[in-house]
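Report on the structure given below.
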Amino acid sequence: MRIDVVTIFPDYLSPLDLSLVGKARESGVLDLRVHDLRDWATDRHRTVDDTPYGGGAGMVMKPDVWGAALDDVVGSGDPARAPRLLVPTPSGRPFTQDLAHELAEEPWLVFACGRYEGIDARLVEDAATRMPVTEVSLGDYVLNGGEVAALVVVEAVARLLPGVVGNPESLVEESHGADGLLEYPVYTKPPTWRGLDVPEVLLSGHHGNVARWRRDQALRRTAERRPDLVARLDPSALDARDREV
Ligand SMILES: O=C(OCc1ccccc1)c1cn[nH]c1
């Protein structure tokens with residue numbers, strides 16, 4: 001997979017040189033390129049923003065600078081080879097594990113990281129004539145720019161790529177995994193720590209009981225912390241025992 005990120009703060013993306021994503025880049029599984037939007041600014045001050053039409057506080061990012069940058073990054077415009085453009089914004093489509101899996105299937109992603117009050121709306125309108133565009137929201141809060149959101153999406157997607165995570169098994173039993181439940185609590189040595197014991201069942205070696213305990217914990221946690229997820233559970237996925245939890 002190729003990923004391009006266009007931003008006025010390229011250094012914000014340097015954490016992607018580390019760890020799993022860093023290894024994926026070395027191994028060639030991930031081809032990540034970061035571009036400084038100011039390289040496409042035309043004036044001496046390398047201006048990328050201007051005052052908003054209609055008034056209001058803050059500044060808006062210029063469509064012409066962004067357009068020139070995306071034209072260069074995306075290139076010819078052959079629809080068969082067009083990337084999916086991702087624009088992090090509070091007003092976007094909620095980013096979920098399902099969307100992460102959807103994006104992990106794409107051969108090429110391009111992130112447009114907005115700052116200030118955002119990017120002139122015509123950039124997305126124009127780009128959508130040549131490539132699929134998804135405005136994506138990480139949640140109902142406001143960041144100063146899209147870079148941190150891009151880091152989150154890149155990490156969530158890269159870890160799903162074959163060969164990135166050592167043990168693909170570890171991708172299955174996680175929160176918001178296939179069963180739509182939150183993850184159960186995990187423990188490791190020592191068996192007692194500061195007077196706190198690991199639940200007996202986990203030391204029993206009885207795999208059936210362990211699996212049952214874990215499912216009960218996941219159900220209980222989900223009911224306590226995320227009633228919204230319980231509402232969306234597929235009833236047929238719950239057995240009679242589950243309903244007692
Ligand atoms: O703040 C965010 O993106 C940066 C951004 C982009 C455009 C205008 C303001 C801020 C964000 C919040 N949830 N998901 C994304």
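All residue numbers in this chain count up from 1 along the given sequence. Bear in mind that the values here come from a model prediction, so they are computed numbers and not experimental data. Atom set for the values below is all heavy atoms of this structure, side chains included, hydrogens, waters and symmetry mates excluded. Ligands are counted one by one from 1 in listed order, and the atoms in each one are counted from 1 as well.
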Using a 4.0 Å cut-off to any heavy atom of [X], which atoms of ligand 1 qualify?
X	value
Leu143	1 (O), 2 (C), 10 (C)
Gly118	7 (C), 8 (C)
Glu117	8 (C)
Ser137	13 (N), 14 (N)
Val142	1 (O)

[X] versus ligand 1: do any nitrogen or oxygen atoms come within less than 3.5 Å of each other?
X	value
Leu138	yes
Gly146	no
Gly114	no

### Query
Is the NZ or CZ atom of Arg115 both under 6.0 Å from the centre of the six-membered ring of Tyr12 and within 45° of that ring's axis?
yes
### Message
With a 4.5 Å cut-off on side-chain heavy atoms, are Trp108 and Val110 touching?
### Response
yes
### Query
Under 4.5 Å between any side-chain heavy atoms of Arg130 and Asp71, yes or no?
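When only atoms from C-beta onward are counted, Asp71 and Arg130 do touch, with a gap below 4.5 Å.
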### Task
Would you please test Trp40 and Asp72 for side chain to side chain donor-acceptor pair (under 3.5 Å) and show each step?
CA-CA 9 Å; Trp40 285 276; Asp72 276 0; 2.6 Å; yes
